[in-house]
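First the structure, in the form of structure tokens, and then the observations on it.
Just so we're clear, the structure is a prediction, and the values are computed from it rather than from any experiment. For reference, positions follow the sequence shown, starting with 1.
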Amino acid sequence: MVIGLKRNGDLMSFFEFENAKVAGISVCLGENVCLFDEQPEYYNNNELLCRRLKKTIGFGKRYEAAEKTTTADLCAEAALKLIKSMRLDVNEIDAIISVTQTPDYYMPGNAHVLHERLNLSKNCLALDVELGCSGFVYALFLSYLMISAGMNRVLVVAGDTLSKVINRKDRSEAPLFTDSGSACIVERTIQKTESFFLLKSDGKGVTKMFQPASAYRCPSDENTKIEYMDRDGNIRSAENFFMNGLEVFNFTLTEQPMMLQELLTRSGKEAVDVDYFIFHQGNKYIVETLAKSMKIPFDKVPCFFPEYGNQSSASIPGTICAQGMMKEKFSYSLVLQGFGIGYSWGGCFLDMRDPLILPPFVYGEENA
């Protein structure tokens, strides 16, 4: 059952579901470990600056995929481990939704790449979503819609290998991101559950986080490959990922507290009703600043950026998996909130009951 599809601009972005649940989550990390301490080019070989950046931004450990490891590889590994752990029959998966900005090919999308890789049924719908840090929440919303339309089980995979499009000499971007792929099973349930979604977009943010060249608006040529240095000393080309950090930070602190308040108000919930608030792990400073501005106790806001970096579209499931290693109970309520490229942002309140949460693992890890 879905509630909220009303022709009213004030309600169209808010949805309530009663018959779907998250049944399991897994995340797979790139195989190469990068330690901030061991990359002095990102802190000018200044130990004092290194300590300050580690304390404030949270730089620590991140993971990069090997040269030939793709986003589909990471998502497939996460999905295979989850399917095996849940003892699922792949023929009972009704749809696969893939979220990524770094697909294996321009065409077709990773949904069909993974459909073949996982040997899914011809009756299994395959759908691609090109979003970043908000993508997991958007894909969850689509999966809940599918369940409400009659499906029984949906596989959501989300991940990115942004190290392949970020210039290693870009000191503002390169030390932030982890290559990661995740898998999530959403199932129909006869037990009534409370799930609420709130989704928003603003196309004015297109040029605040984007890869300016190498697609069809600005095809790759000898000029787009030329590297340049910005006023902060970051080196990149038009074919590399670019983020206007100040604009993105302002967008985050302006829109995200308002979204959370609206989500709780429309859901009839209060912060005390939520066990954990899982925010996109942009960096440690952003997560802690959001928690402080929203007056949420820090023990309710997991932050694993120092251990795993910014996992882009896999950030939220990656945080759930990391937090899942520490939790003492298996039925709890979550607020998930993702925000980023587009601009695009979304939040949801989920009633989680006994999901299988697997700890993060590295691609190619023995017995993965």
- Residue of the set Glu173, Gln39, Glu64 for which side chain to side chain donor-acceptor pair (under 3.5 Å) holds with Arg168: Glu64
- Cation-pi between Lys269 and Phe196: NZ/CZ under 6.0 Å from ring centre and within 45° of the ring axis? no
- Does Lys225 come within less than 4.0 Å of Glu239, counting only side-chain N to carboxylate O? yes
- Message: I'd like to know whether the aromatic ring centres of Tyr144 and Phe15 sit less than 6.0 Å apart in this structure.
- Response: no
- Item | Salt bridge flag under 4.0 Å for residues Asp202 and Lys200 | no
- Can you check side-chain contact (heavy atoms from CB on, under 4.5 Å) on Thr69 and Asp179, steps first, answer last? CA-CA 10 Å; Thr69 301; Asp179 296 332; over 6 Å; no
- Message: Let me confirm one number: the CZ-SG distance from Phe177 to Cys133, rounded to the nearest 0.5 Å.
- Response: 6.0 Å
- Query: Any sub-3.5 Å donor-acceptor pair from Thr265's side-chain atoms to Gln261's backbone N or O?
  - Reply: yes
- Query: Between Thr100 and Thr102, is there a donor-acceptor pair closer than 3.5 Å when you use the side chain of the first and the backbone of the second?
  - Reply: yes
- Task: Check the pair Thr319, Gln323 against side chain to side chain donor-acceptor pair (under 3.5 Å), reporting the backbone distance first and the verdict last.
- Result: CA-CA 6 Å; Thr319 303; Gln323 180 69 11; over 6 Å; no
- Query: Which heavy atom of Cys218 sits nearest a heavy atom of Thr224, and at what distance?
  - Reply: SG-CG2, 4.0 Å
- Item | For Val154, side chain to side chain contact (heavy atoms under 4.5 Å, CB included) partners two or more places apart | Ala95, Ile97, Ser143, Met146, Ile147, Met151, Val156
- Which pair of non-hydrogen atoms, one from Ser148 and one from Asn19, has the smallest distance, and what is that distance? OG-OD1, 3.5 Å
- Starting at NZ of Lys54, measure out to OH of Tyr43 and round the result to the nearest 0.5 Å. 8.5 Å
- Determine the minimum heavy-atom distance between Cys75 and Val157, stating which atoms define it. CB-CB, 4.0 Å
- Does Thr178 use its side chain to pair, donor to acceptor, with the backbone of Tyr308 at less than 3.5 Å? yes
- Query: Who are the salt bridge (charged side-chain N to carboxylate O under 4.0 Å, His left out) partners of Lys21, not counting sequence neighbours?
  - Reply: none
- Query: So, Ser315 versus Gln281: side-chain donor-acceptor pair below 3.5 Å or not?
  - Reply: no
- Query: Taking the six-membered ring for Trp, are Phe339 and Phe251 ring centroids under 6.0 Å apart?
  - Reply: no
- Query: Is the backbone N or O of Pro40 less than 3.5 Å from a side-chain atom of Asn45, with the two atoms forming a donor-acceptor pair by type?
  - Reply: no
- Message: Rounded to the nearest 0.5 Å, what separates atom SG in Cys28 from atom CZ in Phe361?
- Response: 4.0 Å
- Determine, for Asp230 against Arg236, whether the closest basic-nitrogen to carboxylate-oxygen distance falls under 4.0 angstrom. yes
- Atom pair CD1 (Ile296) and CZ (Phe277), whose distance is rounded to the nearest 0.5 Å: 4.0 Å
- Message: Please check this pair: side chain of His115 against backbone of Asn110, looking for a donor-acceptor N/O pair closer than 3.5 Å.
- Response: no
- Task: Decide yes or no for Trp345 and Gln337: does some side-chain heavy atom of the first lie under 4.5 Å from some side-chain heavy atom of the second?
- Result: no
- May I ask you to check whether Phe59 and Tyr42 place their ring centres under 6.0 Å from each other? no
- Task: Kindly indicate whether the side chain of Asp73, heavy atoms from C-beta on, has any atom under 4.5 Å from the side chain of Arg117.
- Result: yes
- Query: Are Arg153 and Glu187 ion-paired here, with the side-chain N under 4.0 Å from a carboxylate O?
  - Reply: yes
- Quick one: closest heavy-atom pair of Ala314 and Ala158, and the distance? CB-O, 3.5 Å
- Query: What are the two closest non-hydrogen atoms of Leu114 and Ala72, and how far apart are they?
  - Reply: CD2-O, 3.4 Å
- Task: State whether the side chain of Lys300 and the backbone N or O of Val274 hold a donor-acceptor pair below 3.5 Å, judged by distance alone.
- Result: yes
- Message: For Asp275, is there any backbone N or O sitting under 3.5 Å from a side-chain donor or acceptor partner on Ser333?
- Response: yes
- Item | Closest heavy-atom pair and its distance - Asp104, Thr71 | OD1-N, 4.1 Å
- Message: I need the single residue from Ile25, Leu88, Ile357, Ile185 that forms a side-chain contact (heavy atoms from CB on, under 4.5 Å) with Leu82. Which is it?
- Response: Ile185
- Does Arg171 offer a backbone N or O that forms a donor-acceptor pair with the side chain of Asn234 under 3.5 Å? yes
- Atom pair CZ/CD of Phe305 and Glu288 - distance to nearest 0.5 Å: 11.5 Å
- Ring centres of Phe197 and Phe17 under 6.0 Å apart? yes
- Item | Donor + acceptor pair across side chains of Asp160, Ser313 (<3.5 Å) | yes
- Under 4.5 Å between any side-chain heavy atoms of Tyr63 and Tyr363, yes or no? no
